[in-house]
Amino acid sequence: MTDSVINFGQAQFLTSAPDIRKLPADQGIEVAFAGRSNAGKSSALNALTRQRQLARTSKTPGRTQLINVFTLSDHQRLIDLPGYGFAKVPLEVKLKWQKSLGEYLQMRDCLRGLVVLMDIRHPFKDLDQELIHWAVESDIPVLAVLTKADKLKSGARKKALMDAEEAVPGFGGDVRVITFSSLNKHGLPELESTLNSWLTQPVGTRENDTAHDD
């Protein structure tokens, strides 16, 4: 274990890439954020980094098709993957992005964890499940973040979390669930703790980091 604690407020935008071939060198450690176009991904990134405009929300599907890269240090990065499930995106664009997403999860050795953001009122839709299965098959730990938790009262929020936790074993692999609100910062400490553990692993290949049996 490491005692180092990451200051997420130091995150800086580095580049936007149309696919994995335009990303920075496959070195260091990356943690990726993914979710449907209306899941509150940009708001969660902004809450995490204490920067209101770091991840800019956009109602234009074309902009959301880029992979946005934010640096935390010389060897630590946050990756903002394009929002999926946008109804108005043409089918060929959706298929292209699905291919790019699969390539990123399966081929990016420096990826150490995937945060899948889902509206707490509509979790685990088909594309969310497909994404989690992809990650599990690639030995990538997943943190399922149920966003917009402030939209539900305490009892309903706890039930949504319990229902989600009951669904998790069906994925196999390392999948955990938390509830989150970018509005009141509910769940932020849990998000930070998980990201910190992923981002402070020894730098090396994913195979070396995950080569152990339970």
Side-chain angles (χ1 to χ4, degrees), residues 1-11 28-36 39-51 54-55 68-73 75-81 104-105 108-120 123-124 128-129 131-150 157-158 160-204 206 208-210 212 214:
M1 291 288 291
T2 176
D3 294 328
S4 60
V5 177
I6 293 172
N7 174 16
F8 291 99
Q10 66 192 5
I29 297 176
E30 290 178 353
V31 169
F33 284 66
R36 298 179 69 86
K41 180 161 55 68
S42 295
S43 297
L45 277 164
N46 290 338
L48 171 69
T49 60
R50 280 75 169 173
Q51 299 182 47
L54 183 72
N68 294 309
V69 182
F70 305 100
T71 58
L72 292 166
S73 71
H75 65 280
Q76 296 163 319
R77 294 178 295 276
L78 299 177
I79 304 296
D80 180 12
L81 296 170
Y104 176 79
L105 292 177
R108 192 75 172 167
D109 280 340
C110 63
L111 179 62
R112 289 297 180 276
L114 178 67
V115 179
V116 179
L117 299 107
M118 302 173 285
D119 189 319
I120 192 170
F124 296 120
D128 302 322
Q129 294 187 44
L131 184 66
I132 295 172
H133 280 301
W134 266 340
V136 168
E137 289 169 7
S138 300
D139 290 325
I140 300 167
V142 175
L143 181 66
V145 177
L146 305 182
T147 62
K148 307 182 184 182
D150 53 279
R157 186 170 65 240
K158 289 177 182 177
L161 178 60
M162 287 179 57
D163 290 345
E165 288 176 336
E166 289 178 1
V168 159
F171 294 106
D174 182 358
V175 182
R176 295 190 299 112
V177 186
I178 66 169
T179 53
F180 182 84
S181 168
S182 58
L183 190 65
N184 60 25
K185 309 302 185 289
H186 168 84
L188 184 58
E190 291 87 347
L191 175 61
E192 289 179 321
S193 176
T194 298
L195 295 182
N196 200 83
S197 67
W198 288 345
L199 287 161
T200 54
Q201 294 176 16
V203 176
R206 187 195 302 169
N208 290 339
D209 289 343
T210 58
H212 63 272
D214 291 331

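- In summary, of the residues considered (Val116, Val177, Val115), a side chain to side chain contact (heavy atoms under 4.5 Å, CB included) with Val142 occurs for Val116 alone.
- Here Asp128 pairs with nothing under the salt bridge (charged side-chain N to carboxylate O under 4.0 Å, His left out) rule; sequence neighbours left out.
- Residues forming a salt bridge (charged side-chain N to carboxylate O under 4.0 Å, His left out) with Glu190 (at least two apart in sequence, or on another chain): none.
- Salt-bridge formation is detected for the pair Asp80/Lys41: a Lys NZ or Arg NE/NH1/NH2 atom is positioned less than 4.0 Å from an Asp or Glu carboxylate oxygen.
- With sequence neighbours excluded, the residues forming a side-chain hydrogen bond (donor to acceptor under 3.5 Å, both in side chains) with His186 are Thr179, listed by chain and number.
- For Asp174, the salt bridge (charged side-chain N to carboxylate O under 4.0 Å, His left out) test picks out no residue, with sequence neighbours left out.
- Heavy-atom minimum distance, Gly170 versus His133: O-CE1, 4.1 Å.
- Remark: Ser181 pairs with Asp150, Asn184 by the side-chain hydrogen bond (donor to acceptor under 3.5 Å, both in side chains) rule, at least two apart or across chains.
- For the residue pair Leu105 and Leu131, the shortest heavy atom distance occurs at CD1-CD1, 3.6 Å.
- Minimum interatomic distance between Pro141 and Trp198 (heavy atoms only, all atoms of both residues): CG-NE1, 3.6 Å.
- With hydrogens and angles disregarded, a donor-acceptor distance shorter than 3.5 Å links the side chain of Gln51 to the backbone of Gly9.
- The closest donor-acceptor contact from the side chain of Gln76 to the backbone of Ile29 lies at 3.5 Å or more, if one exists at all.
- Ring centroid separation for the pair Phe70 and Phe8 does not come in under the 6.0 Å cut-off.
- Only one option out of Leu143, Leu48, Leu81 pairs with Phe33 in a side chain to side chain contact (heavy atoms under 4.5 Å, CB included); it is Leu48.
- Qualifying salt bridge (charged side-chain N to carboxylate O under 4.0 Å, His left out) partners for Arg50, counting only residues two or more places apart in sequence or in other chains: Glu192.
- Scanning all heavy atoms of the two residues, the minimum distance from Leu114 to Ala34 falls at CD1-CB, 4.2 Å.
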